Structures are given as structure tokens and as C-alpha cells.
There are 2 protein chains.
Amino acid sequence: MQLSNSSQYAIRILAYMADNKDSKLLNATELAKTLYIPYKFLTKIMTELVKSGLVVSIRGRDGGYKFEKKTSEIMVSDILAIFNDSIKNEQCVLGIGFCNGLCKCALHDQWIEPKHLLQKMFQESSLEDIAGKGCKI
Amino acid sequence: MQLSNSSQYAIRILAYMADNKDSKLLNATELAKTLYIPYKFLTKIMTELVKSGLVVSIRGRDGGYKFEKKTSEIMVSDILAIFNDSIKNEQCVLGIGFCNGLCKCALHDQWIEPKHLLQKMFQESSLEDIAGKGCKI
DNA sequence: AATTAATTCTACCTTTAAGTAGTATTTATA
DNA sequence: TATAAATACTACTTAAAGGTAGAATTAATT
């Protein structure tokens, strides 16, 4: 019952970038060291974030990463979507394919509320909201 | 963000057994067919449930499985514990080791409420509670 | 033009979860 | 006692996630 490593790392990376968005470009070496994320895995994740349009990369010497969009416009749910970690409405806690009002699983009713809270937490938290909150390591 | 297949299957199996606890023993072949769970995987899970003391097995011809404890005394959280799927208090949604009041992650505050609801859902749902509720396939 | 420091690409390796196969063991019944 | 039908054990295979390696590409600086 937890997010994939990729999603967790991506959120931490972007939250750290949001903390430091006024500084210069942030590069992979610095991010990996600061956040204790394996360098090669981090670059793989960053490339995904670039392809998804959340971040732009500047290649070559003195290159690095910066935001493509405003941090107030990037929601945590956007990040989860990139790594197929979104919580869908139809997701059943017991993994039954079509768990709905007609054919619902044994925990269907109890699952609705926490599911909605999770969706709300991810959909309503922007990077601006969480910037500066807590430590990132 | 979901339970392991083993946990999902185990809950569905035990919920079905709770639905039918007054009948004869239930055997692996029947359970696998009824619940559309791969037979060999189901027997592996059942052996875990037997070792954990939730279920007893009767070997040999006409054998099968039945509950060891009362269904009112088996909580969904007990099942999750067997498959290392419990939601711990200290579990951080961003995977940071020691996310607490002092050093908390960017989503720490938002995560508390859904986490508690999930824990509550699992800790307060007994097999008796969910027996008869919904379909099990 | 060469060097250096950065991202990107392709391919691979490792670990874990998920699932399968085959055999051994157990026990009721004919 | 032989047979049939059940669980249990050991070992293996497959698929997906997590992570790594090395070369290619890019661009600023000397």
C-alpha cells in the first residue's frame, strides 16, 4: 500500500526544486547527492519529467533542470499520472475488475472515503503548496 | 498504491469462507474455481493462512479448510500482517525513513488523515462484518 | 578546435512479486 | 491394502520494478 519508488522520488525531487526555484539551474549530480537518490535512476526519472512537460532540461555544460510550468500549476496527481500511480475512481481495494454499486467488493463501502481523501490530497496539493514544507531527504 | 495480490486474494478467500462457514469444509479446487484465483497460487496462500493460525486444514480425502478462530475475531488487518502489507504509523507517503513531527516530509500533514482512515478500515473490519457484503469474484 | 560538464539513449543487470510444476504426504473409503 | 482426493513441500519460471553501465549528444569555455 504505497507509491512506487519512481513516484516517491519524483515528488521529492520536484518539491526540492520548488524550494529552490529561484536559484540557478539544478543539475542531476546535485539533486542525487542532496536527496540521496541513485544518480542513474534520478536521471531516468528526470527524463520522464522532461518528456511529460513538467520540467525543461538544458543540455551541455552548465546545464540542468528547471520548471516548464508554474509550481502552482503542477499538482502531485500530475506527477503520479506520469508513473501510472494515479488512484482511479474505479480502483477496487480488493482488485476486483468492476467493483461498483451493482457488484461491489466486501470492502467497497469502507474504501470510498479513504480513497477520496487520497485523491483529494494528490489533486489539491500543488508544488507551490508543499514547497518549503518539511525536509526533503 | 494498492495491496499485494496475495493480500487481495487472501481477503477475498476468507470473506467467501465467512459467507459459507456453516457449510462443509471448503477445498482448494472449489475456492479456486469460484473465486477465479489460480489454483496453485491459492494453495500457497492457504498454507500461509494455516501457518498463521487463522485457518485449519484437514488433509487427505474429503479434506479442506475451515476457520480456526471466530470470524468476529479475525480482522482484515490480521490478514494484511501475514503478507507484510500492514499500514504502519510511521509509514511515510514519500518513503522517507523517519518521517515524524521533527523531520516530516512535504506531504506529511495531508497524509495523516487518509492513513488513519485506512488503518481504521482494516483494523475495525472483521470477517463477520464483511461476510455477505458484496460479491467475492 | 579541444575540453569539460552536463543530459539522453540503449541496453543490460538485480531483486522481488507473481505464478507454475511436480512430488510427497495424509486420510477416508471401498 | 489399494485407491482416490485432498493439503504440503521444494523448486522453478515469468513478469515487473528497481537500478546500473557505457556511449552518444549537447553546449559553454578556454
Side-chain angles (χ1 to χ4, degrees), chain A residues 1-14 17 23-68 79-80 82-86 94-95, chain B residues 1-14 17 23-68 79-80 82-86 94-95:
Chain A
M1 204 70 174
Q2 56 181 18
L3 300 173
S4 67
N5 279 14
S6 294
S7 290
Q8 293 181 348
Y9 285 154
I11 297 169
R12 286 174 49 209
I13 293 165
L14 293 172
M17 285 178 64
S23 72
K24 61 186 184 330
L25 291 180
L26 294 167
N27 65 55
T29 306
E30 177 184 347
L31 289 171
K33 273 191 187 142
T34 309
L35 300 172
Y36 299 97
I37 297 172
Y39 171 80
K40 282 287 194 177
F41 197 27
L42 181 137
T43 59
K44 186 187 253 184
I45 290 169
M46 293 312 293
T47 302
E48 291 290 305
L49 297 178
V50 169
K51 283 181 180 163
S52 306
L54 266 52
V55 158
V56 288
S57 63
I58 314 295
R59 295 179 67 164
R61 183 167 167 176
D62 298 340
Y65 303 98
K66 66 178 179 184
F67 285 109
E68 167 84 339
I79 305 166
L80 299 187
I82 295 168
F83 301 97
N84 288 311
D85 247 338
S86 300
L94 297 187
Chain B
M1 202 69 173
Q2 56 182 19
L3 300 173
S4 67
N5 279 14
S6 295
S7 288
Q8 292 181 350
Y9 284 155
I11 296 169
R12 286 175 49 212
I13 293 164
L14 293 172
M17 286 179 64
S23 73
K24 61 187 187 330
L25 290 180
L26 294 167
N27 66 54
T29 306
E30 177 184 348
L31 290 170
K33 273 191 186 140
T34 308
L35 299 172
Y36 299 97
I37 297 173
Y39 172 80
K40 282 287 194 177
F41 197 27
L42 181 136
T43 59
K44 188 187 251 185
I45 289 169
M46 293 312 293
T47 302
E48 290 291 305
L49 297 178
V50 169
K51 283 181 180 163
S52 306
L54 266 51
V55 159
V56 288
S57 63
I58 313 294
R59 296 180 66 164
R61 182 166 165 174
D62 298 339
Y65 303 98
K66 66 179 179 183
F67 285 109
E68 166 83 340
I79 304 166
L80 299 187
I82 295 168
F83 300 97
N84 287 311
D85 248 339
S86 300
L94 297 187

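Computation of the quantities below employed the complete heavy-atom set of this structure, encompassing side-chain atoms and omitting hydrogens, waters and symmetry-equivalent molecules. Below, read A as the first sequence line, B as the second, and so on, with proteins coming before strands; counting in each chain starts at 1. All figures in this text were calculated on a predicted structure; none of them were measured in a lab.
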For residues 52-63 of chain B, run the donor-acceptor check on the side chains, cut-off 3.5 Å, and write out each pair with its distance to 0.1 Å, sequence neighbours left out.
from	atom 1	to	atom 2	distance (Å)
B/Ser52	OG	B/Glu48	O	2.8

A/Asn27 has its side chain closest, among C/dA6, D/dT7, C/dT8, to C/dA6
5' to 3', nucleotides 10-20 of chain D under a 4.0 Å protein heavy-atom cut-off (B base, S sugar-phosphate only, - none) gives --------SBB
Rounded to whole Å, the CD1-P distance (B/Ile45 to D/dA8) equals 13 Å
Of A/Gly63 and A/Lys51, the one whose closest nucleotide on DNA chain C sits nearer the 5' end is A/Gly63
Between CD of A/Glu48 and P of C/dT10 the distance, given in whole Å, is 13 Å
Between CG of A/Leu31 and P of C/dA6 the distance, given in whole Å, is 12 Å
Side chain to side chain contact (heavy atoms under 4.5 Å, CB included) with B/Leu26: of B/Lys66, B/Met46, B/Met17, only one passes, and it is B/Met17
For A/Asn27, the side-chain hydrogen bond (donor to acceptor under 3.5 Å, both in side chains) test, sequence neighbours excluded, returns none
Q.
Taking only side-chain N and O atoms of B/Thr47, does any of them lie within less than 4.0 angstrom of OP1 or OP2 on D/dA8?
A. yes
Applying side-chain hydrogen bond (donor to acceptor under 3.5 Å, both in side chains) to A/Asn5 and not counting sequence neighbours gives none
Rounded to whole Å, the CG-C1' distance (B/Leu26 to D/dT7) equals 14 Å
* Asked: Are A/Leu80 and A/Ile11 side-chain neighbours, meaning at least one heavy-atom pair lies under 4.5 Å?
  -> yes
note: B/Leu25, atom CG; C/dT26, atom P; distance rounded to Å ~ 18 Å
Query raised in the report: Can you find a heavy atom in the side chain of B/Leu35 that is under 4.5 Å from one in the side chain of B/Ile13?
Result: yes
Hits for side-chain hydrogen bond (donor to acceptor under 3.5 Å, both in side chains) against B/Thr29, two or more places apart or cross-chain, chain-then-number order -> none
Detail all sub-3.5 Å separations between protein N/O atoms and N/O atoms belonging to nucleotides 27-30 of chain D.
none

Residues 39-64 of chain A vs ring pair (Phe, Tyr, Trp, His ring centres under 6.0 Å), sequence neighbours excluded, gives A/Tyr9-A/Phe41
Residues 24-34 of chain B vs salt bridge (Lys or Arg N to Asp or Glu O under 4.0 Å), sequence neighbours excluded, gives B/Lys24-B/Glu30
Taken to the nearest whole Å, CG/B/Asn84 to P/C/dA17 is 9 Å
